[in-house]
There are 2 protein chains.
Amino acid sequence: MISARVVGRLSLYRRVLNALQADGVQNVYSHQLAAMAGFTAVQVRRDLMVVGYSGSPTHGYEVDRLLESIRQFLDAPGGQGVALVGIGNLGKAILAYFAGRRPNLRIVAAFDKDPCKVNRVIHGCHCYPMEQMAEVLKQADIRVGIITVPAAAAQGAAEALVRAGVHGLLNFAPMKVRVPPNVHVEDLDMTTSLEKVAYFARQGVSGKEDRK
Amino acid sequence: MISARVVGRLSLYRRVLNALQADGVQNVYSHQLAAMAGFTAVQVRRDLMVVGYSGSPTHGYEVDRLLESIRQFLDAPGGQGVALVGIGNLGKAILAYFAGRRPNLRIVAAFDKDPCKVNRVIHGCHCYPMEQMAEVLKQADIRVGIITVPAAAAQGAAEALVRAGVHGLLNFAPMKVRVPPNVHVEDLDMTTSLEKVAYFARQGVSGKEDRK
DNA sequence: TAGATTGTTAATCGATTAACAATC
DNA sequence: TAGATTGTTAATCGATTAACAATC
């Protein structure tokens, strides 16, 4: 079983490698990738072994082939649709943020309980009333959901998404949601993160070991 | 040295406790708080010891006094100002999200290099050109920064904020920033989080142990 | 008192780091 | 070959979990 941490780092390596590829770089060593991604060389080498592509002691890793290996590991073969619940300020910003960024992982449907916010297209994403969720998600084979509703509505949104067949949730609401054990939840809690930063800024220390 | 994890959990406990207080609940046991916050009772008890307030075996924790202890631990005495760099879709959504939410931790200044986006007020926050950052931050004694610029501009934004005296950064850009060791950085990388969720949704497993 | 909960120590678990032989 | 890097195993570190005496 691959840990969530490794998957997250692979996602970061890919972005760094994309930048290198754009610059015409053909080979890269683990310590270079480590410095750019903010991890250690040993972590990088161990993570890259997971995707099943080996480097060479003389040339390091070939950028092109490594990117292809990561792509095969991370991406769904035919692309993956994502649903978003909660078309408020944050929801709309996230629709804009992901619009056209990664064709393989697109937000293809958004939902809101407010009738005034649905039945239109925002940043290329169709907006539907909550009642149509099961139907739309089944029809588009969507298995990933993003929750951008207020805290009080988060649990309900999560349950609706899970009922509609979603197996992964990205939760922006400042509240933990309870889901069946086979559903993966990532919490992206901006309030907690900001309070953490504020605490350590006030203490004048980093809360982690130095990053050299 | 308190770990960033503990500080983050305290922030969550506070929100759960606020909800309980609003419901008129006066006492709470560690296992109740644990269930609501999504952690274990032992974690809750250990974390609460950090803030220096002891519970009682018979009544558990008093909600009012516990909230006060957490507040004293987490919050800056006179309130803490926050600066935001990058007034795009995401930046504006974050200004709206935090507006009026926590008087003690307010975004009081926003910056952008685009002259069209500055010299106005968005969700109660004054917007300035980048050139005025050092001056504004010093005058308002701001030590916390939020980065919502594109990936390519993140390092520059981080350096400008650090030069202006910031000791903590909340980084939304999908790129690691390098900072001096005494600056605390929290990365809030939506792209990585979404890719993690998509990966585990596709595998049909949670990537963590069951949450019971 | 009896009993559930708290505070605290010991054991477990997992991830990171260090060390080193294998490789080109 | 010499040398830097890779892949892999062992040691370290930190956090979580389990166990239990102390408490009201």
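In the text below, chain A, chain B and the rest are named by the order of the sequence lines, each starting its count at 1. Predicted model, so just to flag it, every value in this text is computed and none were measured.
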Without placing hydrogens or testing angles, list every side-chain donor-acceptor pair under 3.5 Å for residues 30-44 of chain A, not counting sequence neighbours.
{"from": "A:Ser30", "atom 1": "OG", "to": "A:Arg45", "atom 2": "NH1", "distance (Å)": "3.2"}
{"from": "A:Gln32", "atom 1": "OE1", "to": "A:Tyr29", "atom 2": "N", "distance (Å)": "2.8"}
{"from": "A:Thr40", "atom 1": "OG1", "to": "A:Gln43", "atom 2": "N", "distance (Å)": "3.2"}
{"from": "A:Thr40", "atom 1": "OG1", "to": "A:Gln43", "atom 2": "OE1", "distance (Å)": "3.4"}
{"from": "A:Gln43", "atom 1": "OE1", "to": "A:Thr40", "atom 2": "N", "distance (Å)": "3.1"}

What's the separation between atom CD1 in B:Ile146 and atom CE in A:Met190, rounded to the nearest 0.5 Å?
8.5 Å

Contacts of type salt bridge (charged side-chain N to carboxylate O under 4.0 Å, His left out), residue A:Arg65, not counting sequence neighbours:
A:Glu62

Contact under 4.0 Å: A:Arg5 side-chain N or O vs C:dG14 OP1/OP2
no

Can you give the dot-bracket line for DNA chain C, using ( ) for pairs inside the strand, [ ] for pairs that cross earlier ones, | for pairs with another strand and . for unpaired bases, where Watson-Crick and G-U count if both distances are under 3.5 Å?
..||||||||||||||||||||||

Is the distance between the ring centroids of B:Tyr199 and A:Phe73 under 6.0 Å?
yes

Only counting residues at least two apart or in another chain, list the ones meeting ring-ring contact (aromatic ring centres under 6.0 Å, His included) with B:Tyr61.
none

The side-chain contact (heavy atoms from CB on, under 4.5 Å) partners of B:Ser193 (sequence neighbours excluded) come to A:Leu170, A:Glu186, A:Leu188

Looking at every non-hydrogen atom in both residues, tell me the closest pair between A:Ala154 and A:Ile147 and how far apart they are.
O-CD1, 4.2 Å

Who are the ring-ring contact (aromatic ring centres under 6.0 Å, His included) partners of B:Tyr97, not counting sequence neighbours?
none

Once base and sugar-phosphate atoms are separated, protein heavy atoms under 4.0 Å mark nucleotides 5-10 of chain D, 5' to 3', with B, S and - as BBBB--

Which residue pairs satisfy the salt bridge (charged side-chain N to carboxylate O under 4.0 Å, His left out) criterion with at least one member in residues 26-44 of chain A, sequence neighbours excluded?
none

With A:Ala151, which residues qualify under side-chain contact (heavy atoms from CB on, under 4.5 Å), at least two apart?
A:Pro174, A:Met175

What donor-acceptor contacts under 3.5 angstrom involve side-chain atoms of residues 75-88 of chain B, with partners at least two apart or in another chain?
{"from": "B:Asp75", "atom 1": "OD1", "to": "B:Arg14", "atom 2": "NH1", "distance (Å)": "3.3"}
{"from": "B:Asp75", "atom 1": "OD1", "to": "B:Arg14", "atom 2": "NH2", "distance (Å)": "2.9"}
{"from": "B:Asp75", "atom 1": "OD2", "to": "B:Arg14", "atom 2": "NH1", "distance (Å)": "3.0"}
{"from": "B:Asp75", "atom 1": "OD2", "to": "B:Asn104", "atom 2": "ND2", "distance (Å)": "3.1"}
{"from": "B:Gln80", "atom 1": "NE2", "to": "A:Ala198", "atom 2": "O", "distance (Å)": "3.1"}

Contact list please: residues 62-69 of chain B against DNA chain C, heavy atoms, distance less than 4.0 Å, in numerical order.
none

At a heavy-atom distance below 4.0 Å, what parts of residues 8-21 of chain A sit against DNA chain D?
none

Distance check needed: C:dT17 C1' versus A:Asp47 CG, whole Å only.
14 Å

In terms of side-chain heavy atoms, does A:Arg15 have a donor or acceptor partner in B:Thr192 at a distance below 3.5 Å?
yes

Looking at B:Leu74, is its backbone amide N or carbonyl O close enough to the side chain of A:Arg202 to form a donor-acceptor pair, meaning the two atoms are under 3.5 Å apart?
yes

